[in-house]
Novice: 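Okay, handing you the structure first.
Keep in mind that this is a model prediction, so the values were computed, not measured.
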Amino acid sequence: MDADLSSLEDKASLIVGASHWKSRALSEGADTGLVFSDGPHGLRKQEGKEDHLGIAESRSATCFPTASALACSFDPALVERVGAALGKEAKKQHVHVVLGPGVNIKRHPLCGRNFEYYSEDPVVSSVLGSAMVRGLQSAGVAACLKHFAANNQEHARMVSDSVIDERALRELYLAPFERIVHDANPWSVMTAYNRLNGVYCSEHLWLLRDVLRGEWGYDGTIISDWGAMSASVDSVRAGLDLCMPGPRPDHIESITRAVWRGELDEASIDQCVNHLRLLYNRTHQNTHEDGTRRPSRTHQAVAMDQSPQESRADNNSLADDYNEWGITDEENFYRSHADIARLAAAQSAVLLENNGILPINTSNTIAVIGSFARMPRYQGSGSSRINPKFLDNIWYRIEQRGFKATYADGYEPLMGETTEDQLHAAESIAERADVTIVVAGLPDRYESEGFDRKRMIMPHGHVLLIERVCAANPNTIVVLQGGAPMEMPWRKKPAAILLMYLSGCQGGGAAVDILSGDVNPSGKLAETWPERLEDTALGSTYPDMNREVHYRESLYVGYRYYDAVGIEPAYPFGHGLSYTSFLYAGLEASYMAETIDGENPSPTLTVSFDITNTGAAAGSEVAQIYIAPKPGVVPAPCPPQKLVSFTKIPLNPGETHSTRVTLDWVALRHWDSQSQSWKIYPGVYEVRVGASSRDIRLRSNIQVGASTCDNASARLAINTTTAKMNVVGGLDNTEAVSTCAADEIYTLPANGCFRTQKAERAFIELYGRPLPEPKPITPFTIDSTVRDMGVCWLGRRTFRIIDRILAEPSKKLDRIQREMMREMASNMPLRALTTSGVPLSAIEGFVSMLNGHYLTGLIRALRGLVHQRERHERIPTERVP
Ligand code: BGC
C-alpha cells in the first residue's frame with residue numbers, strides 16, 4: 001500500500017505525535033491533525049500546560065461516574081448513553097479521540113487504578129466496554145480502548161513484566177479486548193506500558209500483529225500509551241501506528257535510518273500512515289470542522305441553580321454554538337449531561353445492607369455526618385481527573401429537598417483523621433435525630449493512578465466515626481464513597497449501607513434519590529468485596545515488587561478464586577439489594593451443538609426463565625447466568641463457575657417477565673495451549689441463574705457433545721475484512737508449547753495457596769516454556785528506572801539534583817499529587833524523559849555515563865542536546881501535501 005506521501009521522512013514524521021495531545025495533519029485539505037484527550041469518564045482537554053497525570057488545568061466538562069461505579073449498573077444501554085454524551089462533549093471541544101474506555105481486568109483490589117476499570121470479570125468488562133465504545137463513536141469521536149494488555153498494577157507500571165500463562169491470558173486478560181474489537185470496533189487501541197511475557201506491549205509482534213490484527217481482524221489504529229514506546233523500529237515492525245506524545249525526532253530518525261539500512265520495510269510505515277488516515281477519516285465524517293462552523297460567541301458565565309460554593313463556572317471560551325444535537329446553548333448542553341451523570345450514578349449505586357430502614361421516611365429528622373457529604377469523593381486521581389462543570393454533594397441535595405437535617409464534619413476530609421471533639425459533635429447530633437447518615441470511604445490519597453494501595457483499610461477516623469455514631473443511634477445508614485473494595489469490620493453495625501463508588505459530579509443527587517426512595521437501587525457488584533486483604537488470592541504479596549510479575553493464580557481471579565477455595569466474601573460478586581423482591585422460576589437451558597458449523601458463529605446455548613417482582617415497589621433486577629462445568633470436564637485450572645451473560649429487567653409490582661438469552665459458543669470455550677486453539681470440552685455443565693454469584697436461584701444441566709473450534713478467534717472476527725489473515729499462535733513461536741500439566745494447586749486450590757513457593761513451581765509448569773529472563777539492573781539501559789540508578793554514585797547524585805529541581809514546582813501540588821509524582825518518578829524508565837522534551841540521544845549518553853563511559857557518554861549527551869533543535873527544524877511542521 002502506498003501512503004501517497006512525498007518522502008520517507010515526511011511519512012515517518014506522521015507516525016509520532018506533534019505535541020502532547022496532537023498528531024500532525026495528514027490529509028489533503030485538513031489544517032489540523034488528530035486531537036486526543038483523556039478519558040475515560042469525562043473529558044480532560046488541556047489548553048494551557050499539558051501533562052498526562054491530571055495535574056495542569058483542563059477545560060470544564062461533565063464528570064460521569066467512573067468505570068468501577070458504572071459497571072455496577074450492569075446496563076449497557078445506560079453506559080452507551082454516557083458514552084454518547086461524552087462523545088458529544090469531545091466533539092464540541094474539538095477532540096477527535098477520547099482515551100478510553102479502560103477494560104483491564106481487576107486482578108487485585110489494591111490496584112491503584114481499579115476505579116478506572118470495570119470488573120474482575122471479562123464478560124462484564126466486554127459488554128460495558130463495548131457499550132462505551134459504541135456511545136462515544138456514535139458522536140463521531142474515536143474511542144481508544146486501553147491498556148492493551150495485562151496492565152494490572154500501578155507499581156513499576158512502565159517497566160514491569162506481566163508473566164501470564166496463555167489460558168489465563170486468553171480467557172481473562174485478552175477476552176474483553178477481543179470481544180470489544182469484535183462487537184464495537186473501537187477506532188483506536190492503546191498499547192499498555194508494561195511488558196507481556198517478556199516483551200513491551202508497544203513492540204509486541206505476537207500481541208499486535210498476530211492476535212489483534214491477525215486473529216481478531218482489527219482494522220483500526222494502534223497508539224502507544226503516553227511514553228510507553230521503548231524501541232522505535234521494533235514498535236513499527238510490530239504494528240504500532242502512532243507513538244505518543246511527541247515530538248520525538250529520535251523516533252523519526254530511527255525508523256528512517258532503519259528503512260535506509262534495509263532493516264525495516266517502508267511498507268510498514270505506509271501501513272501506519274494509512275491507519276492514521278483511516279482514523280482521521282472516521283473522526284471527520286459529518287463534522288462541522290470544515291466550514292459549517294458559525295463564528296464563536298463571547299463567553300457568558302454559566303448560571304446554576306446549584307449551591308454556588310460547590311459549583312464551578314467555566315472560564316473557558318464558549319465552544320461554537322452549532323447545534324448538532326438539538327442543544328441550543330452551552331448551559332443546557334452540559335446540564336443535560338449532568339442529568340445523565342445523575343441517572344447513571346443512581347442506577348449504579350449498590351445497596352449492600354438494609355434492615356428495612358431504607359428508603360428513609362423523609363419527614364424524619366436526619367443527622368448528616370462526614371465531610372464527604374459536603375466535599376464528596378467523586379472521581380479518582382491521575383490522567384482521568386476531570387474539572388467538573390457542575391458539582392453537587394449530598395448535603396446540598398438534602399437541603400435543597402427541605403429535609404429537617406443537621407450536619408457535622410466527623411473527620412477531616414483529606415487525611416480522614418478525626419478528633420474527640422469531632423466525634424463528640426457527631427454523636428450529639430446523631431442522638432437527637434431519627435435517622436443518621438454517615439458519609440465515609442476512601443480519601444483521595446488512598447487510591448490513584450501511579451501507585452497501588454498498600455492496605456485495604458479505610459482511614460481510622462472514618463471507622464471510629466461509624467462505630468461511635470452507630471452506638472449513638474442504631475438507625476444509622478452509611479453511604480460509602482471510594483473507587484475500590486474496603487475492609488469493613490464494622491459492617492454489621494449500621495442499619496443500611498449504600499455504596500456509591502466514585503459516582504461523578506452528580507453523585508450527591510443520586511445518593512439522595514436512593515435514600516429518599518425516589519429511585520429503587522438496582523446496582524450489583526461487578527467485583528467481589530472480600531472481608532479482609534488476607535482473603536484475597538495474593539493477599540499483601542500484591543503488588544509484586546519483582547519486575548517480572550508471575551500471575552501465579554492463573555484463572556483464579558476475583559470470584560473464581562473465592563468460589564474455588566470456599567472463602568465467604570463480605571459481599572460477593574453480583575450482590576446488590578433492592579427495595580422490592582424478585583422471584584426466579586421456570587429455567588430451561590438447551591445446547592445445540594450442530595450450530596457450530598465452521599464458518600457460522602451461531603448461538604449455541606439458549607437459556608430462558610421468568611422473573612416476577614413480588615414486592616410493592618417498581619424495580620430492576622440484574623439476573624446473572626453462570627456456567628459450571630461438572631468436575632473433570634474442563635482441564636485445570638478450572639474455576640467452579642463463570643459468568644456468561646446478564647440482563648437487567650425493569651419490573652412493576654406483580655409483573656412477570658419471561659427472559660430468553662441466546663449465547664454463542666464463546667460462552668463454553670476454553671483455550672487449549674497445546675493445540676493453540678479454542679475448544680469446547682464435551683460433558684455435563686450446570687447452567688445457573690442467580691441474583692448474585694452466591695445467590696443462585698435456578699439450576700439446570702446441559703449435555704455438551706464433542707466439538708473442537710480450531711481457529712475460533714478468527715471466526716469471532718468474521719465481520720472484518722482481515723479475518724482471514726495468517727493466524728500464528730503462541731506467545732513465542734520459537735518455543736515449544738508444552739501441555740499445561742497442572743499441579744494440584746490448580747486442580748484443588750486452597751486458601752492462600754498462590755502465595756507459596758509451591759505455587760511458583762506449579763506456575764512454571766503451567767506456563768509451559770522458559771520464563772522470560774529477569775532483567776538485570778546493570779548494565780543500565782534506557783529502560784532502567786530512576787530507582788535503579790540508585791545503585792551507582794552518579795545515579796544517586798543525579799537523583800538528588802532532580803529532586804532539588806522538582807522541589808520548587810512540586811510545592812504547588814497537593815499531597816496526593818506529590819505522592820503520586822514521587823512514586824511514579826522512582827519507577828519511571830529514563831526513556832520517559834522524552835515526554836518532557838529531553839532528546840533520546842542525550843538520555844542514551846547519560847546511560848553510557850551510568851555504565852562508566854563518562855567521557856564518551858558526556859559527549860553523546862551534549863551532542864544530543866545541541867542537535868535537538870536542528871532536528872526539530874528538519875521535521876515538517878506544515879501539512880504534508
Ligand atoms: C495513562 C493513560 C492516559 C495517558 C494520557 C497515561 O499515563 O496510562 O491511561 O490516557 O497517560 O493522559
Side-chain angles (χ1 to χ4, degrees), residues 66 68-69 106-115 120 153-155 350 352-353 369-372 375-378 380-381 409-419 422-423 426 438-471 476 478-494 497-502 525 527-545 558 561-562 567-572 575 751-752 755 815-816 819-820 823:
T66 74
S68 61
K106 297 183 193 198
R107 181 177 174 231
H108 192 277
L110 290 186
C111 173
R113 219 169 170 182
N114 272 356
F115 68 88
E120 66 191 23
Q153 67 179 46
E154 288 302 281
H155 174 75
V350 184
L352 295 177
E353 302 271 359
I369 299 168
S371 299
F372 283 4
M375 299 178 67
R377 182 80 211 297
Y378 64 98
S381 290
D409 282 339
Y411 54 82
E412 167 283 323
L414 285 181
M415 310 298 285
E417 281 154 12
T418 187
T419 61
Q422 283 173 315
L423 291 169
V438 177
V439 189
L442 295 178
D444 237 355
R445 74 183 176 105
Y446 273 62
E447 52 182 343
S448 167
E449 176 179 342
F451 60 85
D452 298 304
R453 287 196 289 162
K454 308 272 178 294
R455 294 193 285 166
M456 242 176 72
I457 53 169
M458 293 165 63
H460 183 58
H462 288 218
V463 175
L464 210 58
L465 177 73
I466 292 169
E467 287 176 342
R468 295 268 290 261
V469 171
C470 286
T476 293
V478 174
V479 176
L480 281 179
Q481 298 175 351
M486 316 156 204
E487 284 177 13
M488 301 158 64
W490 46 266
R491 71 187 177 84
K492 288 296 167 196
K493 292 184 179 160
I497 304 173
L498 176 65
L499 170 63
M500 296 304 293
Y501 272 105
L502 298 177
L525 292 177
E527 63 187 318
T528 310
W529 278 51
E531 202 75 70
R532 57 191 79 80
L533 180 61
E534 292 73 50
D535 289 350
T536 62
L538 302 169
S540 49
T541 64
Y542 176 96
D544 203 321
M545 291 296 150
Y561 170 75
Y562 303 106
I567 288 179
E568 195 63 43
Y571 301 106
H575 168 79
N751 187 358
R755 294 172 230 162
R815 193 190 160 125
I816 170 87
E819 207 168 306
M820 178 174 91
E823 171 108 11

Novice: Just by modelled atom types, is the G450 backbone N or O under 3.5 Å from a matching donor or acceptor in the E154 side chain?
Specialist: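 Yes, because the side chain of E154 sits within donor-acceptor range (under 3.5 Å) of the backbone of G450.
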Novice: Hey, can you tell me if H108 and Y542 have their rings parallel, tilted or perpendicular (30° and 60° cut-offs)?
Specialist: parallel
Novice: First locate atom CZ of R453, then atom CG of L533, and finally report the distance between them rounded to the nearest 0.5 Å.
Specialist: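 If I round to the nearest 0.5 Å, the distance is 9.0 Å.
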Novice: When you measure from the side chain of D409 to the backbone of G370, do you find a donor-acceptor pair of N or O atoms at a distance under 3.5 Å?
Specialist: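 Judged by distance alone, no pair lies under 3.5 Å.
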Novice: For S68 and E527, test the side chains for any donor-to-acceptor distance below 3.5 angstrom and give the result as yes or no.
Specialist: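 Judged by distance alone, the side chains do not pair up.
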Novice: For the residue pair M500 and F372, establish whether any side-chain heavy-atom pair is separated by less than 4.5 Å.
Specialist: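 Heavy-atom side-chain distance check fails, nothing below 4.5 Å.
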Novice: Which atom pair, heavy atoms only, marks the closest approach of I567 to D535?
Specialist: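 Of all heavy-atom pairs spanning I567 and D535, the closest is CD1-O, 3.4 Å.
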Novice: Decide yes or no on side-chain contact (heavy atoms from CB on, under 4.5 Å) for R445 and M415, but give the supporting numbers first.
Specialist: CA-CA 7 Å; R445 74 183 176 105; M415 310 298 285; 3.5 Å; yes
Novice: Could you tell me the separation between the OH atom of Y501 and the CG atom of L525, rounded to the nearest 0.5 Å?
Specialist: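 Spacing of OH (Y501) from CG (L525) equals 5.5 Å.
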Novice: Using the test salt bridge (Lys or Arg N to Asp or Glu O under 4.0 Å), find all partners of E467 that sit at least two apart in sequence or belong to another chain.
Specialist: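 Scan of E467 (salt bridge (Lys or Arg N to Asp or Glu O under 4.0 Å), adjacent residues dropped) gives K493.
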Novice: Measure across R755 and G539 and return the closest heavy-atom pair with its distance rounded to 0.1 Å.
Specialist: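 Closest heavy-atom pair between R755 and G539: NE-N, 3.5 Å.
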Novice: I need the Y562 OH to E531 CD distance, nearest 0.5 Å.
Specialist: 11.0 Å
Novice: Decide side-chain contact (heavy atoms from CB on, under 4.5 Å) for Y561 and E120; before the verdict, give the C-alpha distance in whole Å, the side-chain angles of both, and the deciding distance to 0.1 Å.
Specialist: CA-CA 11 Å; Y561 170 75; E120 66 191 23; over 6 Å; no
Novice: Hey, what do you get for NE2 (H155) to CE (M545), rounding to the nearest 0.5 Å?
Specialist: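 Interatomic distance, H155 NE2 to M545 CE, rounded to 0.5 Å: 4.5 Å.
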Novice: Can you name the nearest heavy-atom pair linking Y571 to E353, along with the distance?
Specialist: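 Smallest heavy-atom distance, with atoms named: OH-OE2, 2.6 Å.
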Novice: Cation-pi check for Y446 against R377: NZ or CZ below 6.0 Å from the six-membered ring centre and within 45 degrees of the axis, yes or no?
Specialist: no
Novice: Out of curiosity, D544 CG to L538 CG, how far, rounded to the nearest 0.5 Å?
Specialist: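 Result: 8.5 Å between the selected atoms.
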Novice: In terms of side-chain geometry, is the basic nitrogen of R455 or E487 positioned less than 4.0 Å from the acidic oxygen of its partner?
Specialist: no
Novice: Got a donor-acceptor contact below 3.5 angstrom from the E417 side chain to the T419 backbone?
Specialist: no
Novice: I'd like to know if the side chain of Y411 and the backbone of Q422 have a donor-acceptor N/O pair within less than 3.5 Å.
Specialist: no
Novice: So which atom in L480 and which in M486 form the shortest heavy-atom distance, rounded to 0.1 Å?
Specialist: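 Smallest heavy-atom distance, with atoms named: CD2-SD, 4.1 Å.
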Novice: Which distance, rounded to the nearest 0.5 Å, do you find between the OG1 of T476 and the CD1 of I497?
Specialist: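 Here the interatomic distance stands at 11.0 Å.
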Novice: With sequence neighbours excluded, what pairs up with R113 under the salt bridge (Lys or Arg N to Asp or Glu O under 4.0 Å) test?
Specialist: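 So R113 forms a salt bridge (Lys or Arg N to Asp or Glu O under 4.0 Å) with E116, E449.
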Novice: So, do D444 and L414 sit near enough that their side-chain heavy atoms are less than 4.5 Å apart?
Specialist: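 D444 vs L414: side chains apart.
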Novice: So which heavy atom on H575 is nearest to which on L352, and how close?
Specialist: NE2-O, 3.1 Å
Novice: Provide the closest heavy-atom pair for P569 versus T528 in the form atom of the first, atom of the second, distance.
Specialist: CB-CG2, 3.5 Å
Novice: Does E447 use its side chain to pair, donor to acceptor, with the backbone of G483 at less than 3.5 Å?
Specialist: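 A pair under 3.5 Å: yes.
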